[in-house]
Amino acid sequence: MTDNNGVNNNSSNVIDIRGLTKTFMVDGRAHTVLQDLNLTVPAHKITVLLGRSGCGKTTLLRLIGGLDTEYSGTISKPQDAKTAFVFQEARLMPWLTVSQNIAFGLHKKDINFNEINRLISLTGLDGFADAYPQQLSGGMSQRTALARALALNPKFILMDEPFAALDHFTREKMQQALLDIHKNSGCGVLFVTHSIDEALAIGHRIVILEDKKVKKVYPIAEAWRKNGSEEECQALRQDILDSIQN
């Protein structure tokens with residue numbers, strides 16, 4: 001069965017969110033961030049959440065990842081599906097090396113250094129296994145954080161503006177690295193950003209959040225990303241901008 005966005009709703013392939021409502025109490029007053037939100041997040045795809053500041057993107061990520069469990073509605077995940085986070089800050093342990101940081105979330109019995117070395121190569125960190133965080137660039141720190149997430153063997157990685165603090169050129173390199181890593185790992189990615197250009201660069205689906213729920217979903221074909229004309233890209237960018245602003 002597929003939903004109206006063309007996503008296969010087989011329960012082993014998606015995170016399915018129905019009627020999700022999240023309310024915070026601020027100074028004794030209820031503040032609803034998400035209300036009756038419905039969304040399907042497929043495995044093996046990069047889904048990008050895009051919207052204004054304060055529209056609930058990070059809140060949604062935290063609810064899906066189980067960092068916040070106070071909500072109404074349902075969040076259904078594939079059975080035994082693991083999720084892993086990559087935050088805006090790499091959050092590496094400064095006293096651990098790259099390889100030790102990658103293994104940090106694992107039980108000792110589950111640490112396989114052949115697999116750690118594979119992830120180091122996959123994320124372009126060859127030669128830095130024994131480096132400490134203070135010896136890494138911002139991009140390398142984020143690659144380490146991504147490798148640490150992959151070490152958990154997740155079905156979904158939840159990424160909260162992980163490249164926002166990087167300079168333009170490093171950010172572009174990390175976007176391409178994410179596409180390459182995603183292709184080789186095959187896990188689903190839910191990626192939060194404020195940048196339309198970043199969403200277009202990496203997303204297979206772009207989800208616009210507005211007025212506490214999903215306003216619009218844009219499927220992005222890989223062929224379009226490779227062969228779409230500048231005019232088509234500009235038209236889509238403008239349509240997405242209009243969806244956010246109007």
Please identify each residue that fulfils ring-ring contact (aromatic ring centres under 6.0 Å, His included) with Phe156, with sequence neighbours left out. none
Determine all donor-acceptor pairs shorter than 3.5 Å in which one atom belongs to a side chain in residues 213-221; sequence neighbours excluded.
residue	atom	partner	partner atom	Å
Lys215	NZ	Ser243	O	2.5
Lys215	NZ	Asn246	O	2.2
Lys216	NZ	Asp239	OD2	3.2
Tyr218	OH	Asp239	O	3.2
Tyr218	OH	Asp239	OD2	2.7
Tyr218	OH	Ser243	OG	2.7

Listed once per pair and sorted, the ring pair (Phe, Tyr, Trp, His ring centres under 6.0 Å) pairs that draw on residues 181-206, sequence neighbours left out: Phe163-Phe191, His182-His204
Sequence neighbours excluded and cut-off under 3.5 Å, please list the side-chain donor-acceptor pairs for residues 62-69, or say none.
residue	atom	partner	partner atom	Å
Asp68	OD1	Lys22	NZ	3.3
Asp68	OD1	Glu70	N	3.0
Asp68	OD2	Lys22	NZ	3.0

Residue pairs fulfilling ring pair (Phe, Tyr, Trp, His ring centres under 6.0 Å) with at least one residue in residues 45-86, sequence neighbours excluded: Phe85-Phe87
Under 6.0 Å from the CZ atom of Phe113, do we count more than 12 heavy atoms belonging to anything else shown? no
Counterpart residues, side-chain contact (heavy atoms from CB on, under 4.5 Å), relative to Thr47 (two or more places apart): Val41, Pro42, Leu190, Arg205, Val207
Cluster companions of Tyr132 among Ile, Leu, Val, Met, Phe, Trp, Tyr (side-chain spacing under 4.5 Å): none
Listed partners of Gln88 passing side-chain hydrogen bond (donor to acceptor under 3.5 Å, both in side chains), at least two apart: none
Run the side-chain contact (heavy atoms from CB on, under 4.5 Å) test against Asn117 and tell me which residues pass, sequence neighbours left out. Ile120
side-chain hydrogen bond (donor to acceptor under 3.5 Å, both in side chains) with Thr21: which residues, sequence neighbours excluded? none
Linked hydrophobic residues, Phe104 as query - side chain contacts closer than 4.5 Å: Met93, Trp95, Leu96
What residue pairs, at least two apart or across chains, pass salt bridge (Lys or Arg N to Asp or Glu O under 4.0 Å) with a residue in residues 172-184? none
